[in-house]
A.B. asks: 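Questions regarding the structure given below will be posed in turn.
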Protein chains: 2
Amino acid sequence: MSTSAEELRAIALAEFATAGYAATSLHRIAELAGLSKSSVLYHYSSKETLLEAAVSPAIERMGGILDTLQVNSLSPAGRASFLNEFVDFILEYRREVNLFINQGPSLTDVPVIDQANEVVQRLAEYFATNTSSVEDKMRFGIALGGAAYMLCTQDSLGVQSPIDETRAALVTILSELLAPIAVPAP
Amino acid sequence: MSTSAEELRAIALAEFATAGYAATSLHRIAELAGLSKSSVLYHYSSKETLLEAAVSPAIERMGGILDTLQVNSLSPAGRASFLNEFVDFILEYRREVNLFINQGPSLTDVPVIDQANEVVQRLAEYFATNTSSVEDKMRFGIALGGAAYMLCTQDSLGVQSPIDETRAALVTILSELLAPIAVPAP
DNA sequence: AGCTAACCTGACCGATCGGTCAGAAACTGT
DNA sequence: ACAGTTTCTGACCGATCGGTCAGGTTAGCT
């Protein structure tokens, strides 16, 4: 993998997440990378391929987390370790998660986005099956969408802090937010 | 105002919020309304005018709420009444808020979006000036972005409830989420 | 019926979109 | 120096974008 390819992937991810996939042109990505549009299409055979390269690592990582979740059941300790894993995930892949959350429902014709939607759906069901309460479902939605939003706009919100402090605060807030969601009796 | 104009406004708002402003074509809006693209441009002289018509009521309403806020200071009672006002606002204008939150930063060249960004900034400062804590700023971001996300995707999250129940749950969750933000001594 | 104004449309415009292709430029190992 | 591969580019294509314009259709008023 050449340096250009990896640089293009990073630029495309940032633009897709902030400006939107459909609203980001290959010309714009090329311009930011200091290349021509043709060069972008040399490294990635289509715009969709570029999107796939940008987001698939995040999908695989989250899929893996959810797989281990089915085995290691819903004990309180399992809950806490899952939350830690999830916070690490969302901190590393904040742009990807923001993209899935905001553009997933409207990009259903793109295969890789469908995979992402399925993963988000699995995550939602993990919480939804354990509660029939409307408030609890809302708690999950606010936690997921809120964390993705906040982490991608913390600059404009005046939040600037070392990542350790961000991580600790996020664990605190999400724990509190999701705590009322009932753990089923064993 | 003809029925077509109001119908176009509603359709455009829904499409702009879900698919994105840049990604939504006038042809698409016309198609959903059962009209031609030319007819859309008869009622609204440009795509930007249509966006303005779609979102300006929400901007004015939120601006009004923030104006009364500066007078009626930061007493705990004022806090609670503000939260109620804000929940009513975000329930009525959930599509508009979702649009501001997700597309505001990337549409700075559109004047009406700049107005919206200023309002969001005022709201952020209302919370930010009362706290220097990183965690508290993050609480505000999660509450704002999370509520906007959850209210616009509650269908796919399996949340279907009467609006009164949604409202009550939202007040509960946001109160809890924002409670730790310190109220300054009088 | 006749006039007016509101409403709607198809044809057309320049610009930009994603994508193709032939070939130039740069780097490699020999 | 040479050949081969990787990297990069400009010219070009059909499709779609937002927007203009001249003219057709409908409705109400006198």
Side-chain angles (χ1 to χ4, degrees), chain A residues 1-56 99 102-104 106-114 116, chain B residues 1-56 99 102-104 106-114 116:
Chain A
M1 180 82 69
S2 70
T3 60
S4 284
E6 185 54 34
E7 186 188 353
L8 284 171
R9 196 198 82 98
I11 292 175
L13 173 60
E15 286 294 301
F16 288 162
T18 58
Y21 174 69
T24 301
S25 69
L26 293 177
H27 175 82
R28 165 77 174 158
I29 295 170
E31 188 180 26
L32 291 172
L35 293 176
S36 71
K37 186 181 67 172
S38 300
S39 293
V40 177
L41 286 164
Y42 165 76
H43 291 285
Y44 299 94
S45 57
S46 71
K47 190 183 180 183
E48 197 174 308
T49 304
L50 181 50
L51 174 65
E52 190 176 332
V55 303
S56 59
L99 197 157
N102 293 319
Q103 305 176 56
S106 66
L107 294 178
T108 52
D109 50 342
V110 183
V112 71
I113 295 293
D114 272 340
Chain B
M1 180 83 69
S2 71
T3 60
S4 285
E6 186 53 35
E7 186 189 354
L8 284 171
R9 197 197 81 97
I11 292 174
L13 173 60
E15 285 295 301
F16 288 161
T18 59
Y21 173 69
T24 301
S25 69
L26 294 178
H27 176 82
R28 166 77 176 159
I29 294 170
E31 188 180 24
L32 291 173
L35 292 177
S36 71
K37 186 182 66 172
S38 299
S39 292
V40 176
L41 286 164
Y42 166 76
H43 290 286
Y44 300 93
S45 57
S46 72
K47 189 183 180 183
E48 198 174 306
T49 304
L50 181 51
L51 174 66
E52 190 177 331
V55 303
S56 59
L99 196 158
N102 292 319
Q103 305 176 55
S106 67
L107 294 178
T108 51
D109 50 343
V110 183
V112 71
I113 295 292
D114 272 340

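Chain A is the first sequence line, chain B the second, and so forth, proteins listed ahead of strands; every chain is numbered from 1. Model, not experiment: these values are computed from the prediction.
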A.B. asks: Per the end-axis method with five pairs at each terminus, what is the bend angle of the helix from C:dA1-D:dT30 to C:dT30-D:dA1, to 10°?
C.D. replies: 10°
A.B. asks: Within the pair A:Ser4 and D:dT7, is there a side-chain N or O less than 4.0 Å away from OP1 or OP2?
C.D. replies: no
A.B. asks: If every non-hydrogen atom of B:Ser45 is compared with every non-hydrogen atom of B:Thr49, which pair is closest and at what distance?
C.D. replies: OG-OG1, 3.4 Å
A.B. asks: Ignoring backbone atoms, test whether B:His43 places a side-chain nitrogen or oxygen under 4.0 Å from the OP1 or OP2 oxygen of C:dC8.
C.D. replies: yes
A.B. asks: Kindly give the heavy-atom pair with the smallest separation between B:Leu99 and B:Ala17, and that separation in Å.
C.D. replies: CD1-N, 4.0 Å
A.B. asks: What string of B, S and - do you get for nucleotides 14-20 of chain C, 5' to 3', when a contact is any protein heavy atom under 4.0 Å?
C.D. replies: ---SBBB
A.B. asks: In whole Å, what is the span from the OH atom of B:Tyr42 to the C1' atom of D:dT25?
C.D. replies: 12 Å
A.B. asks: Looking at every heavy atom in both A:Val55 and A:Val112, which two are closest together, and how far apart are they?
C.D. replies: CG2-CG2, 3.9 Å
A.B. asks: Once you round to the nearest 0.5 Å, how far does OH of A:Tyr21 lie from CG of A:Leu50?
C.D. replies: 8.0 Å
A.B. asks: Could you pull out the closest heavy-atom pair between A:Ser46 and A:Leu41, with the gap in Å?
C.D. replies: CA-CD2, 3.9 Å
A.B. asks: Would you mind telling me which of D:dT7, D:dT9, C:dC8 lies closest to the side-chain atoms of A:Ser2?
C.D. replies: D:dT7
A.B. asks: Salt bridge (Lys or Arg N to Asp or Glu O under 4.0 Å): which pairs involve residues 35-53 of chain A, sequence neighbours left out?
C.D. replies: none
A.B. asks: Is there a side-chain polar atom (N or O) of B:Ser39 under 4.0 Å from OP1 or OP2 of C:dC7?
C.D. replies: no
A.B. asks: Nearest heavy-atom pair of A:Ser4 and A:Leu35: which atoms, and what distance?
C.D. replies: OG-CD1, 4.3 Å
A.B. asks: For A:Tyr44 and A:Ala5, which heavy atoms make the closest approach, and how far apart are they?
C.D. replies: OH-O, 2.7 Å
